[in-house]
Amino acid sequence: MPVGAALWRNLRAHQVYGANTDVGKTIVSTVLCNAVHRQKQQAAFLKPVSTGALDDADDQHLKRFGAGTLTKCLYQFDDPVSPHLAAKDKVIPRDDDLLASIHKTLSGWARSDIDFALVETAGGVHSPGPNGNSQADLYRPLRLPIVLVADSRLGGISSSISAYESLLLRGYDVQSVLLFRDDYYQNHEYLRDYFNGKSIPLVSLPTPPSRPAQLDADAQLRDEEAMFTYYQKSAQESDILRLLEEMKVKNTERIERLEEMGDRARDLIWYPFTQHQGMQAKDITVIDSAHDDYFQTFGSNSSKNTQSELQPTFDGSASWWTQGLGHGNPDLSLSAAYAAGRYGHVMFAGAVHEPALSLASRLLETIGNPRFTKVFYTDNGSTGMEVAVKMGLRASCDRYGWDASQEQIGILGLKGSYHGDTIGVMDCSEPSTYNQKVEWYRGRGHWFDFPLVKMVGGSWKVEIPRELQADLGEDVDFASLGSVFDLEQRIESTSAQRYKDYIHRTIEDLVQRQGMKFGALIMEPVILGAGGMLFCDPLFQRCLADVVREHPELFSGNATAPKESPSWSGLPIIFDEVFTGLYRLGRSTSASFLGVSPDVAVNAKLLTGGLIPLCTTMASEEIFNAFSSPEKSDALLHGHSYTAHAVGCTVAVDSLKTMAQLESDGSWDGFRDDWRGSSVVPSEASTPDVWSVWSQGLLQDLSCAESVESVFAIGTVLSISLRDAEGGGYTSNAAKGLQTKLSIGGDKFNVHSRVLGNVLYLMSSVTSKSESLQEMEKLLRSALL
């Protein structure tokens with residue numbers, strides 16, 4: 001279960017990290033707690049994991065010298081070694097349980113009279129926790145402000161700066177640095193200049209007294225007296241007292257900034273897809289940070305001083321469908337930092353760098369489309385689709401001898417399509433709320449209505465639009481979602497023949513009787529996202545592609561295509577996989593569900609695991625050759641300043657590697673097993689592998705709810721259509737009630753979600769934990785059943 005970031009008005013909680021082991025973290029903690037006590041305030045010290053003899057434990061040191069500091073240790077292991085070794089063969093807490101215990105302890109202190117708390121780590125920044133994970137990653141969900149204890153020894157400058165950079169890379173706020181003065185190495189002098197340049201105060205402390213080599217009773221007494229004296233003097237130093245005041249001010253300022261963000265954002269920011277009339281600051285979600293599947297959102301608990309000001313909020317839209325490997329993924333952050341340090345950004349026209357070349361190669365291998373040979377880079381899905389449209393139209397005009405300057409060339413597509421907000425691809429969709437009030441919008445093409453896949457009343461069905469039933473037949477029920485995708489069997493059915501006949505007649509009428517010309521077939525495979533999470537019958541999309549390819553005479557006006565042995569026939573087929581591609585639906589490419597290899601495909605969003613914008617448009621050799629000529633003006637004159645951004649390409653390579661590993665190592669087997677369960681009868685044992693992270697049981701139950709019209713789930717996507725007496729659509733408010741209930745959430749977290757009219761959808765990352773998803777399902781059941 002998620003743990004919220006820790007932030008209180010009345011409790012100043014910090015985490016103590018060391019640049020290395022044995023740098024004096026506990027002594028620094030004791031100095032700070034003594035100084036707090038001198039200010040007539042209460043301090044507390046928490047050691048989540050301690051190793052070694054109990055007498056030498058850090059919390060015991062604070063209890064002895066901390067001037068009344070409240071101390072606690074959560075897990076004590078006897079062996080004086082790294083926690084992952086000390087905990088070996090022991091009963092150890094899961095990382096989530098350890099974090100929950102820390103948060104619970106701090107929350108309890110916030111409800112008491114504790115003013116200041118330190119959570120001290122073990123060893124250095126990357127020393128492993130009990131389960132072997134780096135502490136920098138283990139404690140990241142708490143995102144406590146950091147007190148970094150630098151290293152005053154030989155080599156300490158390097159280790160201290162490296163520790164700082166590791167924390168920075170993970171999104172921590174390092175608020176202060178402390179270390180011991182050493183007049184020989186003088187690390188404190190160098191590091192003071194370094195950190196002051198980053199507006200981080202550094203306080204150097206006098207070196208503590210050395211412990212006697214032999215601790216008999218007298219020596220131990222003298223050692224304790226020396227330490228008491230040391231702490232009394234150190235706690236009075238003006239730099240320490242000034243630092244504590246700065247910590248207090250920073251805690252207050254952080255909360256004040258969060259309180260003001262909603263109002264300031266309303267005044268300064270023009271939001272996408274938002275009607276601002278009547279918008280209030282409370283309508284804006286204030287996000288302090290994000291980790292894994294959760295935002296840490298400001299809760300405005302100003303009247304509840306004992307509650308954390310930040311609460312975990314499940315990112316239910318996967319941040320507009322981009323999140324694949326979790327927020328704050330340290331591996332991707334490191335990849336981005338490496339590429340930024342190696343390249344920054346370098347111009348790409350007529351040049352190449354290793355990340356762009358590696359990504360092109362890996363992407364072609366991942367997608368596995370035998371037609372694709374070329375990769376064109378842009379920066380987001382809309383611009384990638386602009387390139388795809390240019391490719392398709394040029395190839396068709398080249399083949400059929402059309403002059404686009406003299407006649408309009410349109411596209412074939414599906415109703416409810418959405419390919420982006422740039423002017424060109426807007427015209428590739430029928431008039432809708434998204435485009436019909438855009439002054440330059442013209443809408444060029446024809447968009448087929450189509451059968452929908454949905455679960456209603458516990459049963460899967462393909463629902464035929466009423467106005468098409470005369471052509472396509474009645475609704476059809478299916479025993480499982482896998483059987484809906486069994487296209488090898490369904491392609492021989494009566495439904496397939498009716499689909500093909502209807503598509504053929506329609507295109508024939510459009511071209512021969514209405515005189516329209518089409519330059520490409522453009523589809524979002526399986527699910528049309530922004531159009532309302534419309535789950536198209538995959539058989540209809542397959543038949544549409546088959547008719548286009550098998551009947552070039554429909555478009556050329558001749559019995560055969562004008563050029564011999566084309567790799568594409570009829571029209572270039574363009575798949576917009578910006579939303580549905582790269583494991584969003586559980587497979588590396590959504591085209592595989594249809595058994596169609598497109599001529600052009602566009603990928604974005606999950607391409608970089610949700611970290612940075614990047615888009616690719618892949619094309620066949622013949623599409624590429626349509627732009628080849630002695631004339632520069634015939635080239636694909638399209639590009640962006642940040643084309644093939646080296647940082648994005650590097651991150652994308654690692655993202656693809658990680659997702660491929662998740663597919664092959666069994667990470668999703670539990671979800672697959674649920675979908676292969678009791679619903680699969682022997683006759684369907686060979687149906688395609690179609691599954692979701694959302695359980696079949698949830699779909700069964702929600703589909704029978706009184707307020708639910710239909711549901712579906714596939715891969716990471718869950719869609720819930722609410723009943724609306726006025727017919728639904730993008731302007732419907734039917735899903736707002738459910739959205740509000742989820743935003744209130746439960747005991748463990750809230751949910752941030754988006755609606756498309758009467759449809760509320762939820763999405764996970766491909767790395768989402770089953771425990772989080774099960775809790776999400778509980779919230780949905782509570783809200784709808």
Side-chain angles (χ1 to χ4, degrees), residues 3 6 13-34 36 43-109 114 116-142 144 146-151 163 167 172 178 180 208 211 215 220 223-224 227 231:
V3 173
H14 293 74
Q15 189 149 33
V16 180
Y17 270 103
N20 208 332
T21 189
D22 199 29
V23 294
K25 295 189 302 297
T26 304
I27 294 175
V28 168
S29 296
T30 309
V31 169
L32 291 173
C33 289
N34 270 273
V36 169
F45 174 85
L46 175 62
K47 188 76 174 183
V49 179
S50 180
T51 63
L54 183 61
D55 289 344
D56 292 330
D58 297 334
D59 61 307
Q60 296 301 311
H61 186 89
L62 264 291
K63 186 175 291 186
R64 186 178 303 123
F65 298 108
T69 297
L70 179 64
T71 65
K72 185 173 185 177
C73 177
L74 297 177
Y75 297 95
Q76 170 73 39
F77 300 102
D78 296 334
D79 296 334
V81 292
S82 175
H84 77 291
L85 295 175
K88 194 173 183 180
D89 301 324
K90 307 282 198 314
V91 177
I92 58 176
R94 299 185 315 151
D95 287 351
D96 287 349
D97 294 333
L98 177 58
L99 291 172
S101 296
I102 295 171
H103 199 282
K104 181 179 179 181
T105 300
L106 293 175
S107 296
W109 289 346
I114 302 298
F116 180 85
L118 295 176
V119 181
E120 188 179 284
T121 59
V125 166
H126 284 299
S127 293
N131 293 290
N133 298 319
S134 166
Q135 290 182 116
D137 297 327
L138 166 60
Y139 296 120
R140 169 58 181 80
L142 296 168
L144 287 162
I146 301 302
V147 174
L148 175 62
V149 180
D151 193 342
L167 292 168
Y172 286 100
L178 293 95
F180 302 119
R211 300 190 70 181
L215 278 180
Q220 183 171 346
D223 178 59
E224 288 192 3
M227 290 305 299
Y231 286 129

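Residue numbers start at 1 and run along the sequence shown. These numbers were taken from a predicted model, which means no experiment stands behind them. All heavy atoms count here, side chains included; hydrogens, waters and symmetry mates do not.
Contact record, Ser134 with Val125: OG-O, 3.8 Å, taken as the closest heavy-atom pair. When every heavy atom of Asn34 is checked against every heavy atom of Gly66, the shortest pair comes out as ND2-CA, 3.9 Å. In terms of heavy-atom proximity, Ser82 sits nearest to Pro128 at OG-CG, 3.3 Å. The shortest heavy-atom contact between Ser101 and Leu74 is CB-CD1, 3.8 Å. Leu138 and Pro141 get closest at one heavy-atom pair: O-CD, 3.4 Å.
The closest donor-acceptor contact from the side chain of Thr121 to the backbone of Val16 lies under 3.5 Å. Side chain of Asp151 to backbone of Thr21: no donor-acceptor contact under 3.5 angstrom is found. Using a distance-only test at 3.5 Å, with no hydrogens or angles considered, no donor-acceptor pair links the side chain of Ser50 to the main chain of Gln76. Panel note: side chain Tyr139, backbone Leu144; no donor-acceptor pair is recorded below 3.5 Å. In terms of modelled atom types and a separation under 3.5 Å, the side chain of Tyr172 and the main chain of Arg140 share a donor-acceptor contact.
Interatomic distance, Thr69 OG1 to Leu32 CG, rounded to the nearest 0.5 Å: 10.0 Å. Expressed to the nearest 0.5 Å, how far OG of Ser29 lies from CG of Leu62 amounts to 6.0 Å. Of the inter-residue distances, the one linking Glu120 atom CD with Thr71 atom OG1 reads 12.0 Å to the nearest 0.5 angstrom. Between the OG1 atom of Thr30 and the NZ atom of Lys25 there is a distance of 12.0 Å, given to the nearest 0.5 Å. Going from atom CG of Leu148 over to atom CG of Leu167 covers 6.5 Å, rounded to the nearest 0.5 Å. Interatomic distance, Leu70 CG to Phe116 CZ, rounded to the nearest 0.5 Å: 13.5 Å.
Counting only heavy atoms from C-beta outward, the side chains of Gln15 and Ile102 never approach each other to under 4.5 Å. Residues Phe180 and Val28 meet the side-chain proximity criterion, which asks for heavy atoms closer than 4.5 Å. The side-chain heavy atoms of Asp96 and Val3, taken from C-beta on, include no pair separated by under 4.5 Å. Here the side chains of Pro48 and Leu98 are in contact, with some heavy-atom distance below 4.5 Å. Proximity of Leu46 to Lys72: side-chain heavy atoms (C-beta onward) are separated by under 4.5 Å at one or more points.
More than 12 heavy atoms of other residues, nucleotides or ligands shown are found within 6.0 angstrom of NZ on Lys90.
Between Lys47 and the choices Asp59, Thr26, Asp58, the side-chain hydrogen bond (donor to acceptor under 3.5 Å, both in side chains) rule is met once, by Asp58.
A ring-ring contact (aromatic ring centres under 6.0 Å, His included) check over residues 50-94, counting only residues at least two apart or in different chains, returns the pairs His61-Phe65, His61-Tyr231, Phe65-Phe228, Phe65-Tyr231.
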